[in-house]
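Working notes, structure below.
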Amino acid sequence: MKRKIIEIKGLCHTFRGKIPGLSDIDLDVFEGEFLIIAGRNGSGKTTLLKHINGLLQPTKGSVLTSGFDVSKKTAQARIKAGFVFQDPDAQIVGETVHEDTLFGPENLNMARDMALSKVNSALCAMGLDKFVLRRPHTLSSGEKRRLAIAGVIAMDPEIVMFDEPFSNLDFPGVIDLIKRMVRLHGEGKTLIVAAHDVEKVLPHADRLIIMESGRIVCDGHPAEIIKNAEKFGVREPSTSKMGMGFVSWLE
């Protein structure tokens, strides 16, 4: 039995102006899962991810990430749960690719030798090892996305979360990113992907959650859940509609 790596109980979030963002979320995520959180825009996907690594604090309820109460030990939770934003420019801060990837490990006060080793490994994993001296603003959209991921995995999190990871990517960029996500999962990382277009990653996921109006309305195996998805604004892949199951974009 795999351990629970995320435990969420009774989570509610209300934004300023008393706008509800999340309502009564109960969710357990297990170590090594590949989880997709789907739903139409405004359903609460990103808000939920931000609670898992402490970018938001609960109005009510609790979130444990790798055993840490996020409201009390936010820094430790963020180390365990890395977050790749929808817009990679929002988390790129270094003057060069190498400096940007080193930023996280340095902030963790990681020993210099270990930090450099983690950075080199992350850049190689993301295919950026030849770009170490490049300025991030000169990179393509796909390369920026890979740089953002490198910055996260250099901190060696147990959980890697992606918010709409395929936005603004061309077809080769999408294929490249899927390959790298599958590789991370194969290395034992727990992956959580928030997306409204799920076709690209469904063949590789263990579990699909659908959200609507800040609530979890479906949770289970992707092949079962996807049949009810369209009434919640999530498109069922055409291959699934034709009874062919999910077809990986990597084939």
Side-chain angles (χ1 to χ4, degrees), residues 6 8 11 13 15 19-23 25 27 29 33-53 55-56 81-91 141-142 144-146 148-149 152 159-182 184-185 190-242 245-250:
I6 297 169
I8 299 175
L11 175 62
H13 185 87
F15 293 102
I19 300 171
L22 297 174
S23 300
I25 298 290
L27 175 64
V29 178
E33 276 195 304
F34 192 145
L35 169 65
I36 299 174
I37 302 176
R40 63 182 99 237
N41 290 339
S43 60
K45 305 185 299 295
T46 302
T47 303
L48 179 55
L49 295 188
K50 288 182 176 179
H51 277 279
I52 291 172
N53 84 333
L55 290 173
L56 290 175
F83 193 170
V84 182
F85 297 170
Q86 180 176 354
D87 178 8
D89 286 312
Q91 64 189 112
S141 295
K144 286 181 179 179
R145 185 91 56 187
R146 285 189 274 138
I149 298 170
V152 167
I159 306 158
V160 183
M161 303 186 295
F162 299 85
D163 188 16
E164 300 290 355
F166 304 108
S167 61
N168 300 319
L169 293 184
D170 58 14
F171 180 72
V174 169
I175 297 300
D176 182 75
L177 182 53
I178 295 172
K179 288 179 180 178
R180 296 181 191 280
M181 292 168 72
V182 170
L184 284 173
H185 185 234
T190 302
L191 298 193
I192 304 177
V193 180
H196 66 272
D197 180 5
V198 299
E199 181 177 8
K200 302 174 182 67
V201 284
L202 270 180
H204 308 286
D206 306 307
R207 183 176 172 194
L208 172 62
I209 284 173
I210 298 179
M211 296 188 67
E212 176 81 352
S213 301
R215 297 178 182 271
I216 293 175
V217 293
C218 299
D219 181 358
H221 190 276
E224 299 170 355
I225 298 302
I226 199 63
K227 295 301 180 181
N228 295 314
E230 293 197 345
K231 65 183 178 182
F232 300 111
V234 178
R235 186 175 67 85
E236 180 181 0
S238 57
T239 54
S240 176
K241 288 183 177 181
M242 292 186 291
F246 304 137
V247 178
S248 173
W249 285 35
L250 302 183

Discussion item. Test side-chain contact (heavy atoms from CB on, under 4.5 Å) on Val182 and Leu184; report intermediate values, then the result.
Written reply: CA-CA 5 Å; Val182 170; Leu184 284 173; over 6 Å; no

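Residues passing the ring pair (Phe, Tyr, Trp, His ring centres under 6.0 Å) test with Phe34, sequence neighbours excluded: His185. Scanning for side chain to side chain contact (heavy atoms under 4.5 Å, CB included) contacts around Glu236 gives Ile226, Lys227, Glu230, Ser240, Lys241, with sequence neighbours left out.
Side chains of Ile37 and Val193 form no contact here, defined as non-hydrogen atoms less than 4.5 Å apart.
With hydrogens and angles left out, the side-chain atoms of Ser141 and Asn168 include no donor and acceptor closer than 3.5 Å.
Judged by distance alone, the side chain of Lys45 and the main-chain N or O of Gly39 form a donor-acceptor pair under 3.5 Å. Here the side chain of Gln86 pairs no donor or acceptor atom with the backbone of Thr46 at under 3.5 angstrom. Checked by atom type and distance alone, the side chain of Gln91 pairs as donor or acceptor with a backbone atom of Phe85 at under 3.5 Å. Side-chain N or O atoms of Thr239 include one that pairs as donor or acceptor with a backbone N or O of Gly245 at under 3.5 Å.
Considering all non-hydrogen atoms of both residues, Phe232 and Ile210 come closest at CB-CG2, 3.7 Å. Contact record, Ile159 with Met161: CG2-CG, 3.9 Å, taken as the closest heavy-atom pair.
If you run side chain to side chain contact (heavy atoms under 4.5 Å, CB included) between Phe83 and each of Asn53, Val152, Ile52, only Asn53 comes through.
Screening residues 208-217 for salt bridge (charged side-chain N to carboxylate O under 4.0 Å, His left out) gives Asp24-Arg215, Arg40-Glu212 as the qualifying pairs, with residues at least two apart or on separate chains.
The existence of a salt bridge linking Asp176 and Arg146 is confirmed by a sub-4.0 Å separation between a basic side-chain nitrogen and an acidic carboxylate oxygen.
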